[in-house]
Amino acid sequence: MSPATTDTPAHIPLRHSPAVSRSSTRRLFVAAGTVLALLIPAPGASAGGPGPTPTPEQGLHLTLDGDSLTAQEMFDVLDAKSLTVKLSEDSRKRMQRFRDGAINELASGTRVYGWNQALGPLKDKQLNSQQQKEFQKRILRSHAAGVGQPLPERVTRLVMVLRANQMARGHMAVRPELVDRMNSLVNTGVTPVIPQVGSLGSGDLQPMAALGMVLTGNRAPARYQGEQAPASDILPRAGLEQTFELEQGEALPIISGSTVVLASYIDSLHRATKAADLAEGVLAMFMDATRAEINTLDPRTHAERRIPEEEKVAERLRHLLQGSKWTTDEGRKRLGEDHPRIQDAVSLRAAPHIYGTLRKTIAEGRQHMEREANASTSNPLIFERDAGRGYEFVMGGNWDGALLGHAADTLNAQIVDLGVHTQELSARLLSPKWSYGLPANLAGGTPGLNSGMVQVQTVATALVPEMQARALPSGTLSRPAKDGQEDHNTMAMGSVRNLHENLDRLETIQAVLTLMSAQGIDLIQDKMTDLPLGAAVKDLHDTVRGHIEPLHNDRYMTPDLEEMTELVRGAELTTALPRR
């Protein structure tokens, strides 16, 4: 069965405000969320996993074993129209073995946090046998205190897949039936409503407790087939048992781990990859519009820097501009350049370095994803003793989200830098001096009577300081909590929230540059009649013009910019780029 495909609002209104769309067909395409492949893969990134790539017609099927979930499969979970997931038989047997070992260890009198001992500052309080099962219910109730906008449904679905896969390793000592229950929510399309605010990045206690409340059938909100209602009402409608009873020690493994941070980080990497793909395509269109010097892409200079990702960016840009006669001495002469340009501004010469650095961070992020998704991120964990001498509980800090939080802060800084760079390019297009002869303000018709695109570019300028203000690493802002028992916190949820808000802003800034670069090409097209654009640039330009007309006389620009932003968010523009 297909999960609901309507995402609840998330992050900030900027991304989710209604946009004026001129193509219902394209809007349906975007709504499907089908960025089916990384069209320009990050250098060094894995090619994907054995599971099929989802399409609007074909769902995704995954078997979880706790050890082999790939980065591409995680991206596919975000994109798939429908998803079926199950626990591998080997994992089922392993989980049951660890569960039995845990129960035997407790029977010997071992005191274990969250099993027969209370939590946090109350960790020294013992729970008797009558209290231990009731305690599982109360853990979820007391910890489900999150607030704010809920996670998008696609991210919540990924949260459940990730947690089920981590539990499949066996070391959390939960029953396989708990994983089956979580998988049943995924398979039927039931998604818990998970508030984003409350986690300190030291385990995702509040948001995961909301998931646990739905999983067990409490009256916490869930979504199913586009509607929201209490889980106790939703679950029977989806054909599931209304309640699910947790056994001893099962509530804490649901909530103790940075799984929401991980899922949000994965979503940010997916979005950042698409942004990096589009950035290269739009940069090539900008270079044609400004008749740039492409010798800055000479492979020899990039090889000498010894940064493989930078070399790949330069190679892709050369490919995108292949066949261009605009970026030649003849192209430059058409607008009056009668002497060599020598070299372009830093924003062009250093673009492969800036974009290559982002690609390197994305590739590293995919490695983080795979390690975290196939790890036991809870406390406590159980391990087999040597020589078959039973099992042993170990208390530790594997729920900590420091790696993810700092990785998100790093990616956020580079997304902000990409936003600044993109805005700088769009600003160059307004100035005849900086654009080497494009009409001032990119105005069509009669300049002066028409003001052109100056205020479109101002939108990008307005968003840049908002991005910069949200680039402060949240990982440097630890606060002690809970009577000193949790005296260091990663604040990783703040890191991924800031990152997603800046990705929202970047989409609009990229829309501004795309719209303006296309306009720059149109304004000088008649002077370049016998000179071709780069083949990929022409395809990208034609895609834009399939939705938005060139600007001749001034018109109401908000619909154009909103339409362009929707194009940036969708898959159509990156689909127009060649796969390489």
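Annotation: the span from L185 atom CG to M160 atom CE amounts to 5.5 Å, rounded to 0.5 Å. A distance of 5.0 Å separates CG in L499 from CG in L411, rounded to the nearest 0.5 Å. The CE atom of M95 sits 6.0 Å away from atom CG of L87, with the distance rounded to the nearest 0.5 Å. Residue S82 holds its OG atom at 6.5 Å from NE2 of H61, rounded to the nearest 0.5 Å. With values rounded to the nearest 0.5 angstrom, R237 atom CZ is found 7.0 Å from Q225 atom CD.
Checking H547 against E572 by side-chain atom types alone, a donor-acceptor pair falls below 3.5 Å. Side-chain contact, T191 with R157: no donor N or O sits under 3.5 Å from an acceptor N or O. Side-chain contact, R94 with S91: a donor N or O sits under 3.5 Å from an acceptor N or O. Side-chain contact annotation: S88 with D90, donor-acceptor N/O pair under 3.5 Å absent. For R163 and Q166, the side-chain atoms include at least one donor-acceptor pair closer than 3.5 Å.
Checked against side-chain contact (heavy atoms from CB on, under 4.5 Å), P236 has the following partners two or more places apart in sequence or in another chain: Q242.
None of I382, N379, L381 except one satisfies the side-chain contact (heavy atoms from CB on, under 4.5 Å) rule with F393; the exception is I382.
Heavy-atom minimum distance, D409 versus S495: OD1-OG, 2.9 Å.
With hydrogens and angles ignored, the 3.5 Å screen pairs no side-chain donor or acceptor of N218 with any backbone N or O of A220.
Remark: R111 CZ is packed, more than 12 non-hydrogen atoms of other residues, nucleotides or ligands lying under 6.0 Å away. A 6.0 Å sphere centred on CD of Q131 holds more than 12 heavy atoms belonging to other residues, nucleotides or ligands.
Here the side chains of D560 and M564 are not in contact, with every heavy-atom distance at 4.5 Å or above.
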